[in-house]
Amino acid sequence: MDAPRRPDPREGPAGLRRLLEDDPADLYENAPCGYFSALPDGQVVKANRTFCEWTGRPVGELIGLRFQEMLSVGGRVFYETHLAPLLRMQGMVREVALDVVRADGSLLPCLLNAVEVRDDRGAPLLVRATVFEATSRRRYERALLAAQRAAAESERRARTLQQVVSEVSAAASARDVAEVIVRRSREAVGASGAALWLTVERRASTRHEPSVPPLELVAADAIPADLLEAMESAALGGAELVRDGGVHMVPLGAGLRAVWPGLAAAMADAGQEALVVVPVDADSRHLGALVLLLGVTGDSGLIDLAAPGDRGTLAQADADLLATVGRQAGQALERVRLYEETARAAERSAFLLDAARLMASAGDVVETAERLAELAVPRLADLCVIDLTTERGLTRPAARHGDPARRELVTELEQQHLPHRGAPHPSVRAMELGRTVWIHEVTDRWLAEVTADPRHLEIARELELVNMVCVPLVAAGRTLGVVTLCSDRRRGPFSPADVEVAEQLALQVSQVVDKAQRLELETRTSHTLQGNLLPPAPPPVPGLAAAVRYLPASRGADVGGDFYDVVPLPSGQVALAVGDVVGHDITAAAVMGQLRSVYRALLSDRPPPSAVIDKLQAGWSLLGLQRMATALFAVLDPATGRLRIASAGHLPPVLVAGGRAQLLDVRPSRMLGAPPAPGPAEEWAGVLAPGATLLLYTDGLVESRDADIDRGLAALLEAAERAGTSDPDELCDRLLAELASGVRADDVALLAITRCARH
Amino acid sequence: MIARNRVRVSGVPDGRPMVFAHGFGCDQEMWRLVVPAFETDHRVVLFDYVGSGRSDLSAYDPVRYGSLEGYAADVVEICRELDLDDVVLVGHSVSAMIGVLAAARAPELFGALVMVGPSPRYVDNGDYVGGFSREDIAALLESLDSNHLGWSAAMAPVIMGNPDRPELTAELTNSFCRTDPDIARQFARVTFLSDNRADLPGVRVPTLVLQCTADAIAPEAVGRYVHEHVPGSVYTLLSATGHCPHLSAPAETTAAIRAFLG
C-alpha cells in the first residue's frame, strides 16, 4: 500500500518560496547563530552580523582580533590547553562551553562548534566556528552543578561523620579519640589547624593548694607552637564559650583583640582569621572543647588564592557537622574513660595484691621501705620517696625513680634533702595534718616555696613533676612517716583512684612499719638493757688476768639472758659467775639482772659456791623470778690458786693448762628455779696452777642448730688448745673467732681467768 | 608503572633517550607532530600522567599528586624502569617544572631539559609577573568546573562520530583530551597554584627555554625569567604563537630542539 503523498510545504503561503531563494549571504549574516572564521592562530578574519551583535563589537573591530582574546581568563586557558590542540589533532570541536566577553565587559555564555579547514597536506588554513547562545543552558548547568556540589558536600560530611564514628570506636584512649577528632574535623572544614582541650576532673583538694587547671590540651594538629601557646593561655577563659553548647565563630577582630590580645597577635602573625569553638559534650555534660583555626593553611605547598579576610568563614552545614562531631567525641571520650577506669581498677587491685605479698615477706623497716618504693615505681608513680620518723628525726630509707636516667638525681634527693618539721614541704604537712596532701599542680613558683635550697629546687625542676601525693603513715595514733608519690609530665596527673591506692598502700605499710618498728625497738631495748646490766670490764685483781666477752645473738629479735660476773672479795679471793636465763627476750634480760643483784647480795656472807646455789634455790619463790636459769659459781684464791666451783645445771668449765684443755668434772645440781634436789649442791674443788686458765661460758658458744652439744664441747677444747695462749683476752678473741663468728642463734657470754705465772 | 602511565617507547633502541612529557590539557598525543623527527636517531619515550589520557585512573592518589613532586617522582620512576640515562626531558608547560623537580630528585638520569612554554609561577606576585592575577586563576579553576559539565558529556560522541578520520576514531574513542573532571580540576590546581621559582637556580643540566610569541599562558616575560634563573640556559623565541608550538609549528619546534641538542 502506497503512503499518501505528503504536500510540499513550500507550496504554502505566497512569498515563502521567494524568501527561501534569498541571498545566502543574508542567511550567513543574519543566521540565528554566530559565525566567524579565524586563522589557525585564532585571528578572526570574518564574522557574521549575529556574532557582531551578540558581542557588541562591529565587524571592523572583530577582524584581526584573536578569538581567544575575546574569552574570559578561564576560557583563554581552556582554549590554549584543550581547544586549540583538539582542533589541530582532530580537526573539530563541538559543544565547547565558553564565555565570550562582550564589548561592554559582560559575558556571553555560549557553546562553540568549530572545524579546521586544511590544505591537501593537512596543514591548517582556517577555522570555521559557530557560536550558540547558551545563557539558559548555562544557568541550568550552574544550578545543576550547584546541586551536584551540594550533594557532594553533603556526602562528604556524611562520610566524615562515618569516619569519625568508625575511627573513634577503635580508639583505646582519650588521646586517641582526641587525635581522630582533631584530624578529621580539620580536614572536614578545611581548617588550618585544630586542637582539643578537655576539662580536668575536679578533685577534693586540701587548703592552700595551687588552683586546679580546668582545661588540659589533649591533641593538636597543624598549629605552630607559639600560636598553640597563645591558645593555651586563652583556653581558660575560653571555657565560657562552650557553656551554652553551640558552635561559636570568633573572628579576628576588635572583640578578640580586646579580650585576648596575645592570641589575636599570634593569629595575625600566622595568617589566621577566625577561631571556631566546638563544645565536646556527653549527655549535656561539658567535657571540653574542640578549637579550629580558619586562615592560611600550610598544607599543600600550593599558592593560597583566597583573599585575606575571606578565609575566616564557615558554612552553616559545616558548623552543624562540627557540632555533631563534638557530640560524637564526647560520647567516645565517656566510653574510653569508662574503659580506662575499668582497666586501671584491675591494675590497682593487682598492684595492691602484689604489695600485700611483698609486705608479708618483708624484713626490717628499711627493707620494707625499699621494696615498697621499688614496687610503686613505675606502676603507681614515677617517683616514690619514703620518710620515716625515728628518734633521730626523719630518715629517708627509700627514694626511687622509674626512669633510669633520673635515678642519680633521686639518689641525691635521698641523701641530701630530708624534710624537717615545720617546713612547707607537703610531706611534712601531710605528717603534721595526719592526712593525705595532694598537689594537683606543681608550678615553678610553688617548687621554689617548698624546696629547701637552690640545689633541691634544681633537682625538683629537672624531675618535671606535675602531681604530688603525700600520704602519712599512721598506726595507733602514731605518725610513723610519710610516703610521697609523684607523677611527671609523661604520666600526667594522678586520678582520685590512684590516690586511693596510695592511701591503701600507706595503710599496709603503716602496719608493717609499726610492727617492725616495735620489734626493733624491743630488740634494741633488750640489748641496751642487757648491756647495761653487765659490768663493762672485770675489775683488776692482783695475781689474776681476766677477760670477759658478751656477744648478742645475730638475729635482732633474739635477746639472751646470759651474764658473767667477776667480784673481788674482801678476803682477797675472787668470786666468779656465768649464767644463762631461759628465753630470748627482755624478760630474760630482766631476770638476769635481778639474779646478778641477788648473787652480789649473797656474796657479803662469803658463801661457798654450793651455798650460793642452795640459797638461791631456797629463796627462788620469794624472789619472784619468772624464768629458770643455769649458772656456774666459783671462788678463786689468787694467792694459792685454790678453786671451788658449783654448777646449777650449767655446762662444765674448761681448764687450759700446759697446752692442754679439759672439761672440769663439776657435777651439776638442778637448774635454778627448778624444784631443788633433795641434798645440797655439790662442789668441785681443785687448784688453778700458775699460768693455767679457767674458762667459763654459756651454751651459745658450743651449741648450734645442726650439731649436738658433745661435738660443740669437743670443738671448744680443740680451739682452746690450738689457741696456745694463756692470755685471757687473746684466748677469748680466738675462741669467739673460731666458734662464734658466723650467724649466732644465741647470745654468748665468755669469762676467761688466768692465774699469773709469777705467783 | 609502564601500564600506569601508558608508556610507549619508539625510535632507535640505542639512541639518546628523549622523554616527552605533556602539559596540562591533553596527553602524549600532543607530541605526535614532533616525535617522528626524533625517532630516526633517538630512543623516544612517551607517557601520560596518571589521570590524563589513557593512564590508569585507579592509580590516581590525591595525596601523591597533590603537588608537582608526585608527578616528578613518576617521571623518575619511568626513567629508572626503562633504565635510561643522559635523558633529554622535553616538558611542555607544567612539565617543564616537573622536569626541574625530576632532575633535582635524580640528577644522574638527566642530561638535558627542553622547556616548552615554561612558567615557574602563573600568579603575579609583587614584582614578579606570572601573567595571571589571583582572581584570574580563581575564575579559571571555577570555569573548569562548569566546562567539564558540558565537555565530558559532549566530547565522546563527537570523537566517535568523526567520519573522515577513521584511524583517529578508533584511537580517540574514549581518551583524547578527556580526563576525569575531578582529576583535571586537581591537576589544574597543582599546575596553576605551584611556585617553583626557587627551584630554577638548582638546575645543573643544559637547558633550552622555548618561548612562543603571544602565548596567553606563559608570556614572554615569564620565559625570559626562566632563562635568567636557570644557570646557562639557552633561550629561543619561536615565531609560533599560542601555547602549543609542537602542534602549531612542529617544524620550527623540532628545528629549535635539534639546534640545541647539536
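Numbered from 1 within each chain, the chains take letters A, B, ... in sequence-line order.
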Are B:Phe24 and B:Phe192 an aromatic pair, judged by ring center distance below 6.0 Å? yes
Would you mind checking which part of B:Val190 comes under 4.5 Å of any heavy atom in chain A, side chain (CB onward), backbone (N, CA, C, O), both or neither? both
Ring centroid separation B:Trp31 to B:His22 under 6.0 Å: no
If one checks every heavy atom of B:Ser194 against chain A at 4.5 Å, the contacting part turns out to be both
Sub-6.0 Å ring centroid separation between A:Tyr35 and A:Phe51: no
The single option from B:Arg8, B:Gln28, B:Arg54 that satisfies side chain to side chain donor-acceptor pair (under 3.5 Å) with B:Asp48 is B:Gln28
Side chain / backbone / both / neither for B:Leu68 at chain A, heavy atoms under 4.5 Å: neither
